[in-house]
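Heads up: the structure comes next, in C-alpha coordinates.
Throughout, protein chains are lettered first and strands after them, A, B, ... in sequence-line order, and every chain is numbered starting at 1.
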2 protein chains.
Amino acid sequence: MELKELVDRYQAAINLVYRKVSILLKEKINVDITSDQFPTLQYIANNKKCTSTDIAYTFGIGKSAVTAQVNRLFDKGLIIRERDEKDRRVVYLLATEKGREFVTNTEKILFEVLGKYLSNFEDEEINTFIQLLEKLARIMDEGEVDE
Amino acid sequence: MELKELVDRYQAAINLVYRKVSILLKEKINVDITSDQFPTLQYIANNKKCTSTDIAYTFGIGKSAVTAQVNRLFDKGLIIRERDEKDRRVVYLLATEKGREFVTNTEKILFEVLGKYLSNFEDEEINTFIQLLEKLARIMDEGEVDE
DNA sequence: GTTAAATAGTTCACTTATTGAACTATATTA
DNA sequence: TAATATAGTTCAATAAGTGAACTATTTAAC
(Lines give C-alpha, C1' and ligand atoms only; values in the text may rest on other atoms or scores of the structure.)
Protein backbone atom coordinates (compact mmCIF):
# COMPACT_ATOMS: atom_id res chain seq x y z
CA MET A 1 0.00 0.00 0.00
CA GLU A 2 1.14 3.51 -0.63
CA LEU A 3 2.64 5.47 2.23
CA LYS A 4 0.63 8.61 1.51
CA GLU A 5 -2.60 6.68 1.66
CA LEU A 6 -1.59 5.09 4.96
CA VAL A 7 -0.66 8.42 6.50
CA ASP A 8 -3.87 10.02 5.24
CA ARG A 9 -5.95 7.24 6.75
CA TYR A 10 -3.99 7.44 9.98
CA GLN A 11 -4.46 11.20 10.19
CA ALA A 12 -8.17 11.07 9.44
CA ALA A 13 -8.77 8.39 12.04
CA ILE A 14 -6.54 9.79 14.77
CA ASN A 15 -8.01 13.27 14.28
CA LEU A 16 -11.48 11.94 14.74
CA VAL A 17 -10.54 10.02 17.88
CA TYR A 18 -8.74 13.04 19.29
CA ARG A 19 -11.67 15.30 18.50
CA LYS A 20 -14.14 12.95 20.16
CA VAL A 21 -12.07 12.57 23.31
CA SER A 22 -11.59 16.31 23.42
CA ILE A 23 -15.33 16.99 22.99
CA LEU A 24 -16.02 14.37 25.62
CA LEU A 25 -13.68 16.11 28.04
CA LYS A 26 -15.22 19.50 27.32
CA GLU A 27 -18.67 18.09 27.99
CA LYS A 28 -17.83 16.15 31.10
CA ILE A 29 -15.50 18.54 32.88
CA ASN A 30 -17.91 20.51 35.02
CA VAL A 31 -15.52 22.59 37.10
CA ASP A 32 -13.71 25.59 35.68
CA ILE A 33 -10.77 23.88 34.07
CA THR A 34 -10.05 23.64 30.38
CA SER A 35 -9.50 20.48 28.37
CA ASP A 36 -5.89 21.60 27.97
CA GLN A 37 -5.34 21.94 31.69
CA PHE A 38 -6.75 18.54 32.54
CA PRO A 39 -3.94 16.43 31.01
CA THR A 40 -1.40 18.49 32.96
CA LEU A 41 -3.28 18.10 36.22
CA GLN A 42 -3.73 14.41 35.49
CA TYR A 43 -0.01 14.01 34.86
CA ILE A 44 0.81 15.77 38.13
CA ALA A 45 -1.68 13.67 40.07
CA ASN A 46 -0.43 10.40 38.60
CA ASN A 47 3.31 11.05 38.81
CA LYS A 48 5.17 11.47 42.06
CA LYS A 49 8.03 13.98 42.16
CA CYS A 50 6.76 15.59 38.98
CA THR A 51 8.58 18.76 37.84
CA SER A 52 7.94 21.50 35.30
CA THR A 53 10.72 20.10 33.16
CA ASP A 54 8.99 16.68 33.08
CA ILE A 55 5.75 18.27 31.92
CA ALA A 56 7.50 20.40 29.31
CA TYR A 57 9.17 17.30 27.92
CA THR A 58 6.09 15.07 28.09
CA PHE A 59 3.81 17.52 26.32
CA GLY A 60 6.46 18.94 24.01
CA ILE A 61 6.08 22.57 25.12
CA GLY A 62 8.45 25.15 26.60
CA LYS A 63 9.05 25.53 30.31
CA SER A 64 7.60 29.02 30.37
CA ALA A 65 4.36 27.62 29.01
CA VAL A 66 4.35 25.13 31.86
CA THR A 67 4.87 27.89 34.42
CA ALA A 68 1.76 29.64 33.09
CA GLN A 69 -0.32 26.45 33.23
CA VAL A 70 0.95 25.55 36.67
CA ASN A 71 0.04 29.02 37.90
CA ARG A 72 -3.51 28.59 36.68
CA LEU A 73 -3.84 25.20 38.37
CA PHE A 74 -2.30 26.62 41.55
CA ASP A 75 -4.70 29.56 41.57
CA LYS A 76 -7.58 27.09 41.49
CA GLY A 77 -6.21 25.22 44.48
CA LEU A 78 -5.65 22.03 42.50
CA ILE A 79 -1.89 21.73 42.99
CA ILE A 80 0.91 22.93 45.25
CA ARG A 81 4.63 23.54 44.72
CA GLU A 82 7.30 22.03 46.97
CA ARG A 83 10.99 22.75 46.71
CA ASP A 84 13.47 19.88 46.84
CA GLU A 85 15.41 20.15 50.09
CA LYS A 86 18.64 18.93 48.55
CA ASP A 87 18.60 20.55 45.13
CA ARG A 88 17.01 23.91 45.77
CA ARG A 89 16.56 24.59 42.07
CA VAL A 90 13.96 21.85 41.72
CA VAL A 91 10.27 22.45 42.39
CA TYR A 92 8.04 19.41 42.73
CA LEU A 93 4.41 19.69 41.67
CA LEU A 94 1.84 17.87 43.77
CA ALA A 95 -1.92 17.60 43.41
CA THR A 96 -3.94 18.75 46.39
CA GLU A 97 -6.76 16.67 47.82
CA LYS A 98 -9.13 18.75 45.68
CA GLY A 99 -6.94 18.18 42.62
CA ARG A 100 -6.74 14.43 43.18
CA GLU A 101 -10.48 14.15 43.69
CA PHE A 102 -11.07 16.10 40.53
CA VAL A 103 -8.81 13.83 38.49
CA THR A 104 -10.38 10.70 39.97
CA ASN A 105 -13.91 11.86 39.21
CA THR A 106 -13.11 12.99 35.69
CA GLU A 107 -11.21 9.79 34.93
CA LYS A 108 -14.13 7.77 36.20
CA ILE A 109 -16.50 9.49 33.80
CA LEU A 110 -13.99 9.17 30.97
CA PHE A 111 -13.46 5.49 31.64
CA GLU A 112 -17.18 4.85 31.58
CA VAL A 113 -17.55 6.30 28.13
CA LEU A 114 -14.32 4.84 26.77
CA GLY A 115 -15.24 1.46 28.24
CA LYS A 116 -18.49 1.64 26.32
CA TYR A 117 -16.57 2.19 23.09
CA LEU A 118 -14.05 -0.54 23.87
CA SER A 119 -16.80 -3.06 24.47
CA ASN A 120 -17.07 -3.21 20.68
CA PHE A 121 -13.63 -4.81 20.54
CA GLU A 122 -12.39 -8.27 21.34
CA ASP A 123 -9.85 -8.37 24.16
CA GLU A 124 -7.27 -9.54 21.69
CA GLU A 125 -7.95 -6.65 19.34
CA ILE A 126 -7.43 -4.17 22.16
CA ASN A 127 -4.18 -5.85 23.14
CA THR A 128 -2.87 -5.88 19.61
CA PHE A 129 -3.80 -2.25 19.13
CA ILE A 130 -2.15 -1.05 22.33
CA GLN A 131 0.94 -3.11 21.68
CA LEU A 132 1.35 -1.72 18.18
CA LEU A 133 0.79 1.81 19.44
CA GLU A 134 3.38 1.27 22.15
CA LYS A 135 5.81 -0.16 19.63
CA LEU A 136 5.38 2.93 17.45
CA ALA A 137 5.89 5.18 20.47
CA ARG A 138 9.02 3.25 21.46
CA ILE A 139 10.50 3.47 18.00
CA MET A 140 9.80 7.18 17.77
CA ASP A 141 11.32 7.74 21.19
CA GLU A 142 14.46 5.79 20.38
CA GLY A 143 14.84 7.29 16.93
CA GLU A 144 15.82 10.44 18.69
CA VAL A 145 19.36 11.68 18.33
CA ASP A 146 19.39 15.22 19.61
CA GLU A 147 17.92 15.55 23.06
CA MET B 1 -6.93 -6.48 31.85
CA GLU B 2 -8.10 -3.50 33.80
CA LEU B 3 -9.64 -0.61 31.93
CA LYS B 4 -7.67 2.03 33.81
CA GLU B 5 -4.40 0.36 32.92
CA LEU B 6 -5.41 0.17 29.27
CA VAL B 7 -6.38 3.81 29.15
CA ASP B 8 -3.19 4.84 30.95
CA ARG B 9 -1.07 2.90 28.48
CA TYR B 10 -3.06 4.31 25.58
CA GLN B 11 -2.64 7.85 26.84
CA ALA B 12 1.09 7.48 27.48
CA ALA B 13 1.71 6.01 24.03
CA ILE B 14 -0.54 8.33 22.07
CA ASN B 15 0.88 11.37 23.88
CA LEU B 16 4.38 10.36 22.95
CA VAL B 17 3.45 9.79 19.31
CA TYR B 18 1.62 13.10 19.18
CA ARG B 19 4.52 14.92 20.80
CA LYS B 20 7.01 13.42 18.36
CA VAL B 21 4.94 14.29 15.31
CA SER B 22 4.43 17.78 16.67
CA ILE B 23 8.16 18.26 17.34
CA LEU B 24 8.87 16.88 13.90
CA LEU B 25 6.51 19.41 12.35
CA LYS B 26 8.01 22.26 14.35
CA GLU B 27 11.48 21.24 13.19
CA LYS B 28 10.65 20.67 9.55
CA ILE B 29 8.30 23.53 8.83
CA ASN B 30 10.67 26.21 7.63
CA VAL B 31 8.23 28.88 6.51
CA ASP B 32 6.43 31.08 8.99
CA ILE B 33 3.50 28.85 9.83
CA THR B 34 2.78 27.18 13.15
CA SER B 35 2.27 23.48 13.77
CA ASP B 36 -1.36 24.33 14.54
CA GLN B 37 -1.90 26.08 11.24
CA PHE B 38 -0.45 23.29 9.15
CA PRO B 39 -3.25 20.73 9.73
CA THR B 40 -5.80 23.36 8.73
CA LEU B 41 -3.93 24.28 5.59
CA GLN B 42 -3.44 20.60 4.80
CA TYR B 43 -7.16 19.97 5.22
CA ILE B 44 -8.00 22.86 2.90
CA ALA B 45 -5.48 21.69 0.30
CA ASN B 46 -6.70 18.10 0.39
CA ASN B 47 -10.46 18.75 0.43
CA LYS B 48 -12.31 20.37 -2.40
CA LYS B 49 -15.17 22.72 -1.53
CA CYS B 50 -13.95 22.98 2.01
CA THR B 51 -15.79 25.43 4.28
CA SER B 52 -15.18 26.97 7.70
CA THR B 53 -17.95 24.82 9.09
CA ASP B 54 -16.17 21.66 7.87
CA ILE B 55 -12.97 22.69 9.57
CA ALA B 56 -14.73 23.64 12.79
CA TYR B 57 -16.39 20.22 12.86
CA THR B 58 -13.28 18.28 11.86
CA PHE B 59 -11.03 19.84 14.45
CA GLY B 60 -13.69 20.24 17.12
CA ILE B 61 -13.35 24.01 17.50
CA GLY B 62 -15.74 26.95 17.15
CA LYS B 63 -16.35 28.74 13.89
CA SER B 64 -14.92 31.99 15.21
CA ALA B 65 -11.66 30.19 15.92
CA VAL B 66 -11.64 29.01 12.31
CA THR B 67 -12.16 32.53 11.03
CA ALA B 68 -9.07 33.64 12.93
CA GLN B 69 -6.98 30.77 11.58
CA VAL B 70 -8.22 31.27 8.04
CA ASN B 71 -7.34 34.97 8.29
CA ARG B 72 -3.78 34.10 9.25
CA LEU B 73 -3.43 31.65 6.37
CA PHE B 74 -4.97 34.18 4.00
CA ASP B 75 -2.59 36.93 5.13
CA LYS B 76 0.31 34.64 4.26
CA GLY B 77 -1.05 34.07 0.75
CA LEU B 78 -1.58 30.36 1.35
CA ILE B 79 -5.33 30.25 0.76
CA ILE B 80 -8.13 32.22 -0.87
CA ARG B 81 -11.84 32.56 -0.19
CA GLU B 82 -14.48 32.01 -2.85
CA ARG B 83 -18.18 32.55 -2.38
CA ASP B 84 -20.63 29.94 -3.61
CA GLU B 85 -22.57 31.43 -6.53
CA LYS B 86 -25.80 29.69 -5.61
CA ASP B 87 -25.77 29.88 -1.83
CA ARG B 88 -24.22 33.24 -1.12
CA ARG B 89 -23.77 32.44 2.58
CA VAL B 90 -21.17 29.78 1.86
CA VAL B 91 -17.49 30.61 1.49
CA TYR B 92 -15.23 27.94 0.04
CA LEU B 93 -11.61 27.82 1.14
CA LEU B 94 -9.02 26.97 -1.49
CA ALA B 95 -5.27 26.61 -1.24
CA THR B 96 -3.25 28.86 -3.53
CA GLU B 97 -0.40 27.53 -5.64
CA LYS B 98 1.93 28.61 -2.84
CA GLY B 99 -0.26 26.88 -0.26
CA ARG B 100 -0.43 23.64 -2.24
CA GLU B 101 3.31 23.61 -2.79
CA PHE B 102 3.88 24.19 0.86
CA VAL B 103 1.64 21.27 1.85
CA THR B 104 3.23 19.00 -0.73
CA ASN B 105 6.74 19.80 0.44
CA THR B 106 5.94 19.46 4.12
CA GLU B 107 4.07 16.21 3.56
CA LYS B 108 7.02 14.87 1.61
CA ILE B 109 9.37 15.55 4.50
CA LEU B 110 6.87 14.13 6.96
CA PHE B 111 6.39 11.00 4.90
CA GLU B 112 10.12 10.43 4.70
CA VAL B 113 10.47 10.43 8.46
CA LEU B 114 7.28 8.51 9.12
CA GLY B 115 8.23 5.99 6.45
CA LYS B 116 11.49 5.44 8.30
CA TYR B 117 9.56 4.67 11.47
CA LEU B 118 7.09 2.45 9.69
CA SER B 119 9.87 0.38 8.17
CA ASN B 120 10.15 -1.22 11.60
CA PHE B 121 6.74 -2.78 11.10
CA GLU B 122 5.51 -5.67 8.99
CA ASP B 123 2.97 -4.71 6.35
CA GLU B 124 0.42 -6.79 8.18
CA GLU B 125 1.06 -5.00 11.46
CA ILE B 126 0.51 -1.64 9.82
CA ASN B 127 -2.72 -2.82 8.25
CA THR B 128 -4.02 -4.26 11.49
CA PHE B 129 -3.14 -1.08 13.35
CA ILE B 130 -4.80 1.25 10.86
CA GLN B 131 -7.87 -0.94 10.66
CA LEU B 132 -8.28 -1.03 14.42
CA LEU B 133 -7.77 2.72 14.63
CA GLU B 134 -10.35 3.25 11.93
CA LYS B 135 -12.76 0.93 13.70
CA LEU B 136 -12.35 2.93 16.89
CA ALA B 137 -12.90 6.17 14.98
CA ARG B 138 -15.99 4.74 13.32
CA ILE B 139 -17.48 3.58 16.60
CA MET B 140 -16.83 6.92 18.26
CA ASP B 141 -18.37 8.73 15.32
CA GLU B 142 -21.47 6.57 15.31
CA GLY B 143 -21.88 6.64 19.07
CA GLU B 144 -22.91 10.20 18.61
CA VAL B 145 -26.45 11.16 19.43
CA ASP B 146 -26.54 14.90 19.68
CA GLU B 147 -25.11 16.56 16.65
C1' DG C 1 -45.53 36.21 -0.61
C1' DT C 2 -44.35 37.81 3.64
C1' DT C 3 -42.79 36.52 8.20
C1' DA C 4 -40.09 33.49 11.14
C1' DA C 5 -36.50 30.39 11.80
C1' DA C 6 -32.24 28.38 10.42
C1' DT C 7 -27.61 28.57 8.53
C1' DA C 8 -22.81 30.45 7.25
C1' DG C 9 -19.66 33.26 8.47
C1' DT C 10 -17.59 37.43 10.89
C1' DT C 11 -16.56 40.59 14.64
C1' DC C 12 -15.55 41.59 19.27
C1' DA C 13 -13.99 41.24 23.99
C1' DC C 14 -11.85 38.15 26.77
C1' DT C 15 -9.12 34.18 28.44
C1' DT C 16 -5.76 30.65 27.67
C1' DA C 17 -1.66 28.78 25.53
C1' DT C 18 2.72 29.16 23.66
C1' DT C 19 7.21 31.12 22.36
C1' DG C 20 11.80 32.89 23.17
C1' DA C 21 14.82 35.90 25.43
C1' DA C 22 16.41 37.65 29.66
C1' DC C 23 16.73 36.75 34.29
C1' DT C 24 17.48 34.57 39.33
C1' DA C 25 19.07 31.02 41.93
C1' DT C 26 21.40 26.93 42.65
C1' DA C 27 24.60 22.94 41.27
C1' DT C 28 28.22 20.97 38.77
C1' DT C 29 32.71 20.90 36.45
C1' DA C 30 37.07 22.25 35.15
C1' DT D 1 37.33 29.67 42.69
C1' DA D 2 35.59 30.64 38.04
C1' DA D 3 32.88 28.97 34.25
C1' DT D 4 29.18 26.45 32.88
C1' DA D 5 24.96 24.04 33.22
C1' DT D 6 20.38 23.39 35.06
C1' DA D 7 15.58 24.56 37.05
C1' DG D 8 12.41 27.58 37.05
C1' DT D 9 10.23 32.37 36.51
C1' DT D 10 9.12 36.77 34.32
C1' DC D 11 7.96 39.46 30.47
C1' DA D 12 6.29 40.96 25.98
C1' DA D 13 4.39 39.30 22.02
C1' DT D 14 1.59 36.22 19.08
C1' DA D 15 -1.56 32.49 18.35
C1' DA D 16 -5.57 30.04 19.58
C1' DG D 17 -9.79 29.37 21.75
C1' DT D 18 -14.70 30.68 23.55
C1' DG D 19 -19.27 32.58 23.34
C1' DA D 20 -22.33 36.23 22.39
C1' DA D 21 -23.91 39.51 19.16
C1' DC D 22 -24.11 40.59 14.56
C1' DT D 23 -24.84 40.53 9.04
C1' DA D 24 -26.34 38.27 5.20
C1' DT D 25 -28.64 34.81 3.10
C1' DT D 26 -31.62 30.78 2.59
C1' DT D 27 -35.37 27.73 3.94
C1' DA D 28 -39.65 26.78 6.09
C1' DA D 29 -44.24 28.20 7.78
C1' DC D 30 -48.38 29.94 7.30
Side-chain angles (χ1 to χ4, degrees), chain A residues 18-19 22-23 25-27 29-41 43-44 47 49-76 78-94 146-147, chain B residues 15 18-19 22-23 25-27 29-41 43-44 47 49-76 78-94 147:
Chain A
Y18 240 69
R19 189 181 80 224
S22 158
I23 290 171
L25 268 175
K26 282 178 193 158
E27 280 173 2
I29 290 179
N30 42 3
V31 188
D32 80 312
I33 188 175
T34 68
S35 54
D36 279 296
Q37 287 165 17
F38 180 70
T40 303
L41 176 59
Y43 186 87
I44 293 170
N47 292 277
K49 299 231 164 186
C50 161
T51 67
S52 287
T53 305
D54 294 341
I55 294 175
Y57 175 74
T58 303
F59 295 98
I61 56 177
K63 287 195 292 182
S64 57
V66 176
T67 300
Q69 272 199 37
V70 162
N71 282 336
R72 284 186 282 271
L73 292 173
F74 179 81
D75 290 344
K76 288 173 183 141
L78 298 168
I79 62 166
I80 54 162
R81 287 169 158 104
E82 218 164 66
R83 264 193 196 280
D84 185 310
E85 283 306 314
K86 295 193 177 160
D87 188 337
R88 306 284 301 160
R89 292 171 304 182
V90 177
V91 176
Y92 295 117
L93 303 169
L94 301 150
D146 47 335
E147 206 159 326
Chain B
N15 269 348
Y18 239 69
R19 188 180 81 225
S22 159
I23 289 171
L25 269 174
K26 282 178 194 161
E27 279 174 1
I29 290 178
N30 43 2
V31 190
D32 80 314
I33 187 176
T34 68
S35 54
D36 280 294
Q37 286 165 19
F38 180 70
T40 304
L41 176 59
Y43 186 87
I44 292 170
N47 292 276
K49 300 231 164 187
C50 162
T51 66
S52 288
T53 305
D54 294 340
I55 294 175
Y57 175 74
T58 303
F59 295 98
I61 56 178
K63 287 195 293 183
S64 58
V66 176
T67 299
Q69 272 201 38
V70 162
N71 281 336
R72 284 186 282 269
L73 292 173
F74 178 82
D75 290 344
K76 289 173 183 139
L78 298 167
I79 64 167
I80 53 163
R81 288 169 157 102
E82 217 162 66
R83 264 193 197 281
D84 185 309
E85 284 304 317
K86 296 193 176 162
D87 187 339
R88 306 283 304 159
R89 292 170 304 179
V90 177
V91 176
Y92 295 117
L93 303 170
L94 301 150
E147 206 161 329

Touch class at under 4.0 angstrom, heavy-atom based, for B:Thr53 against every strand present: sugar-phosphate
Protein-to-nucleotide contact annotation, 5' to 3' order, nucleotides 19-30 of chain C [B base; S sugar-phosphate only; - none; under 4.0 Å, heavy atom]: BB----BBS---
side-chain hydrogen bond (donor to acceptor under 3.5 Å, both in side chains) against A:Ser52, all qualifying residues, sequence neighbours excluded: none
Side chain to side chain contact (heavy atoms under 4.5 Å, CB included) between B:Val66 and B:Phe59, worked out: CA-CA 9 Å; B:Val66 176; B:Phe59 295 98; over 6 Å; no
Gap separating the NZ atom of A:Lys49 from the CD1 atom of A:Ile44, nearest 0.5 angstrom: 15.5 Å
Sugar-phosphate only, base, or nothing, as touched by A:Ser52 at under 4.0 Å among non-hydrogen atoms: sugar-phosphate
Nucleotide C:dA8, atom P - distance to CD of B:Glu82 in whole Å: 19 Å
Test item: B:Asp54 side-chain N/O and B:Thr51 main-chain N/O as donor-acceptor pair under 3.5 Å: yes
Exercise: identify the closest heavy-atom pair between B:Tyr43 and B:Thr58: OH-OG1, 3.3 Å
Side-chain heavy atoms of A:Leu93 within contact of A:Asn47, under 4.5 Å: no
Inter-axis angle, terminal five-pair segments of the helix from C:dG1-D:dC30 to C:dA30-D:dT1 [nearest 10°]: 30°
Residues from residues 68-75 of chain B lying under 4.0 Å of DNA chain C - heavy atoms: none
Partners meeting side-chain hydrogen bond (donor to acceptor under 3.5 Å, both in side chains) with A:Asn71 (sequence neighbours left out): A:Arg81
Nearest-0.5 Å distance that lies between atom CG in A:Leu78 and atom CG in A:Leu41: 5.5 Å
Full working for side chain to side chain contact (heavy atoms under 4.5 Å, CB included) between A:Gln69 and A:Ile55: CA-CA 10 Å; A:Gln69 272 199 37; A:Ile55 294 175; 5.7 Å; no
Residue list, side-chain hydrogen bond (donor to acceptor under 3.5 Å, both in side chains) with B:Asp84, at least two apart or on another chain: B:Tyr92
Audit row: B:Val90, B:Thr53, side chain to side chain contact (heavy atoms under 4.5 Å, CB included) steps and yes/no: CA-CA 9 Å; B:Val90 177; B:Thr53 305; over 6 Å; no
Length of the line joining B:Arg81:CZ and C:dA8:C1', which is rounded to integer Å: 12 Å
Separation of C:dT10 C1' from B:Ile55 CD1 (nearest whole Å): 15 Å
Interatomic distance, A:Gln37 CD vs C:dT16 C1' [rounded to whole Å]: 7 Å
